[in-house]
Amino acid sequence: MSDRVKTTLGPLELPNPVLTASGCGGTGRELAQFFDLARLGAFVTTSVMPQARAGRPTPRVTETPSGLLTAMGLPGPGVETFLEHELPWLIEQDVRTIVSVAGNSVDEYGDLARRLRDVPGVAAIEVNIACPNVEDRGRMFGWHPSAAASVVRAVRAHARPGTPVFAKLAPDVTDIVTIALACVDAGADGLTLINTMEAMAIDTGTLRPALTGVSGGLSGPAVRPVAVRCVYQVHAALPGTPIIGVGGVATGLDALEFILAGASAVAVGSAVFHDPTAAPRILRELEEALVARRVGRLADAVGLAHKPAGYVPPQVRPEEPEKEKL
């Protein structure tokens with residue numbers, strides 16, 4: 001792997017910009033059967049919660065045109081088991097690990113950050129704020145700037161100094177830029193855009209909702225244009241804030257689209273369910289795309305779509321005209 005694809009997410013330096021999306025790589029053991037996880041820029045864990053959760057009853061997954069609709073209910077073993085069994089295994093594999101955390105109150109988020117504070121091997125914390133706030137009639141933290149900021153502030157206060165904190169935002173809001181600004185003001189070092197979109201499918205055979213949870217989160221290629229729009233808007237407002245782009249990344253060109261919009265890294269989600277080797281393949285295709293476009297470094301392509309037409313950054317070399325034959 002060349003230095004061409006190195007990237008930074010605030011203080012976090014990564015050898016490449018391709019990550020897994022939270023909840024789509026299992027514990028890591030599942031994907032490790034297909035490729036060396038150390039080849040990833042980083043592995044993002046399934047959202048860790050204070051207590052073990054079985055999640056919603058089935059059916060909790062259904063396919064939709066160009067997408068996947070899920071209502072998993074954040075199943076997981078809880079933070080104790082994660083710290084005892086899952087994180088140590090990832091560290092043994094020399095995997096850069098971003099720990100996703102989720103909770104139902106501000107205190108739960110803060111406590112999770114505190115539990116991770118002195119744990120080695122945590123490259124960054126991703127704050128999943130697409131969770132119901134039990135203290136506010138179950139409304140999602142990520143729907144309100146003040147609620148989102150409260151969660152980020154609690155995580156930042158309890159996390160180890162120097163550990164980057166990324167807020168993962170939902171697109172189902174009136175103004176995602178306002179929420180992004182609130183999170184950064186509260187101490188977020190960066191942003192992950194986007195979480196799944198709330199959606200629904202009805203089974204025309206049973207004449208009932210396809211999921212037991214009725215609605216769920218839509219992911220896959222169907223949401224990519226929305227995700228790219230969110231990244232573009234937030235980068236325009238916060239050009240110095242690192243962004244991880246998520247939503248329907250299935251090819252290297254998909255990844256490049258996010259980078260041109262302003263992302264410094266991308267996370268691969270639903271694509272791994274039908275192609276477990278999607279992440280290393282996408283990385284290879286992305287590097288080939290950069291070479292084909294004569295982009296010297298990935299950093300030179302970040303946010304390039306915001307530049308005026310005709311702009312040629314220093315590391316982009318135009319094709320040289322062919323010499324006339326004598």
> For the hydrophobic clusters of this structure (ILVMFWY residues joined by side-chain heavy atoms under 4.5 Å, transitively), does one cluster hold both Leu211 and Met197?
Replying inline: yes
>> If only side-chain N and O atoms count, and only distance matters, is there a donor-acceptor pair under 3.5 Å linking Thr251 with Glu285?
In response: no
>> In terms of relative ring orientation, are His306 and Tyr232 parallel, tilted or perpendicular, with 30° and 60° separating the classes?
In response: parallel
> Is Glu30 reaching over with its side chain to a backbone N or O of Gly26, donor-acceptor style, under 3.5 angstrom?
Replying inline: no
> Taking all non-hydrogen atoms of both residues, which atom of Ile125 and which atom of Ala159 are closest, and how far apart?
Replying inline: CD1-CB, 3.9 Å
>> So, applying side-chain contact (heavy atoms from CB on, under 4.5 Å) with Leu191, which one of Val127, Leu9, Thr241, Ile179 is it?
In response: Thr241
>> Quick one: does any side-chain atom of Thr7 pair with a main-chain N or O of Ser264 as donor and acceptor, under 3.5 Å?
In response: yes
> In Å, rounded to the nearest 0.5 Å, how long is the span from CG of Asp107 to OG of Ser150?
Replying inline: 11.0 Å
> Is any side-chain N of the basic residue among Arg156 and Asp189 closer than 4.0 Å to the acidic one's carboxylate O?
Replying inline: yes
> Nearest 0.5 Å, what's the CG-CG distance between Leu298 and Asn16?
Replying inline: 9.5 Å
> How far apart are the C-alpha atoms of Leu12 and Thr8, what are their side-chain angles, what is the distance that settles it, and do they pass the side chain to side chain contact (heavy atoms under 4.5 Å, CB included) test?
Replying inline: CA-CA 6 Å; Leu12 181 62; Thr8 58; over 6 Å; no
>> Membership question, hydrophobic clusters at under 4.5 Å side-chain separation (ILVMFWY): are Ile194 and Leu238 in the same one?
In response: yes
> Do side-chain atoms of Arg229 reach the backbone of Pro225 as a donor and acceptor pair under 3.5 angstrom?
Replying inline: no
> Stepwise, does the side chain to side chain contact (heavy atoms under 4.5 Å, CB included) test hold for Phe141 with Val106?
Replying inline: CA-CA 9 Å; Phe141 285 104; Val106 172; 4.0 Å; yes
> Going by heavy atoms in the side chains, are Ile129 and Met140 under 4.5 Å from each other?
Replying inline: no
>> Could you check whether Thr277 and Asp275, counting side-chain N and O atoms only, form a donor-acceptor pair closer than 3.5 Å?
In response: yes
> Does Ser66 use its side chain to pair, donor to acceptor, with the backbone of Pro221 at less than 3.5 Å?
Replying inline: no
>> With a 3.5 Å distance limit and no angle check, can you tell me whether Ser219 reaches the backbone of Ser270 through a side-chain donor-acceptor pair?
In response: no
> Within a strict 4.5 Å, meaning less than it, do heavy atoms of the Val79 and Met49 side chains meet?
Replying inline: no
>> Could you see if Val184 belongs to whatever hydrophobic cluster contains Val165? Use Ile, Leu, Val, Met, Phe, Trp, Tyr and a side-chain cutoff under 4.5 Å.
In response: yes
> Could you walk me through whether Thr62 and Leu69 pass the side chain to side chain contact (heavy atoms under 4.5 Å, CB included) check?
Replying inline: CA-CA 5 Å; Thr62 188; Leu69 191 59; 3.8 Å; yes
>> What I'd like to find out is whether the side chain of Leu116 reaches to under 4.5 Å of the side chain of Leu83, using heavy atoms alone.
In response: yes
> Do Thr45 and Val99 touch side chain to side chain, with heavy atoms closer than 4.5 Å?
Replying inline: yes
> Which distance, rounded to the nearest 0.5 Å, do you find between the CG of Asp172 and the CG of Asn195?
Replying inline: 9.0 Å
> Judged by modelled atom types alone, do Thr192 and Glu126 share a side-chain donor-acceptor pair under 3.5 Å?
Replying inline: yes
> Out of curiosity, Leu260 CG to Lys307 NZ, how far, rounded to the nearest 0.5 Å?
Replying inline: 12.5 Å
> Does a side-chain N-to-carboxylate-O contact under 4.0 Å join Arg29 and Glu86?
Replying inline: no
> Which heavy atom in Leu74 sits nearest to a heavy atom in Ser47, and how many Å separate them?
Replying inline: CD2-CB, 3.9 Å
> For the atom pair CG (Leu37) and OG1 (Thr97), what is the distance rounded to the nearest 0.5 Å?
Replying inline: 8.5 Å
> Would Val231 and Leu218 show up in the same hydrophobic cluster when neighbours are defined by side-chain heavy atoms closer than 4.5 Å?
Replying inline: yes
> If we only count heavy atoms from C-beta on, is the Leu68 to Thr196 side-chain gap below 4.5 Å?
Replying inline: no
> Does Arg60 reach the main-chain N or O of Gly216 with its side chain, forming a donor-acceptor pair under 3.5 Å?
Replying inline: no
>> Donor-acceptor check, side chain of Arg96 to backbone of Gly41, threshold 3.5 angstrom: yes or no?
In response: yes
>> As a quick check of understanding, evaluate salt bridge (charged side-chain N to carboxylate O under 4.0 Å, His left out) for Asp36 and Arg39, giving each step before the final call.
In response: CA-CA 6 Å; Asp36 180 5; Arg39 293 168 61 188; over 6 Å; no
>> Using 0.5 Å steps for rounding, measure from the CH2 atom of Trp143 to the CG atom of Leu169.
In response: 14.5 Å
> Do Thr163 and Arg160 come close enough that some side-chain heavy atom pair is under 4.5 Å?
Replying inline: yes
>> I want to check something: taking the side chain as every heavy atom from C-beta on, are Val246 and Leu193 in contact at a cut-off of under 4.5 Å?
In response: no
> Side-chain contact, heavy-atom cut-off 4.5 Å: Pro17 with Leu286?
Replying inline: yes
> Counting only heavy atoms not in Asp94, do more than 12 sit closer than 6.0 Å to its CG atom?
Replying inline: no
>> With side chain to side chain contact (heavy atoms under 4.5 Å, CB included) as the criterion, how do Val291 and Arg4 come out once you've worked through the C-alpha distance, each side chain's angles and the decisive distance to 0.1 Å?
In response: CA-CA 9 Å; Val291 170; Arg4 184 188 302 266; 3.6 Å; yes
>> Hydrophobic clustering (ILVMFWY, side-chain heavy atoms < 4.5 Å, transitive) - are Ile282 and Phe258 grouped together?
In response: yes
> Between Ser100 and Asn128, is any side-chain donor less than 3.5 angstrom from a side-chain acceptor?
Replying inline: no
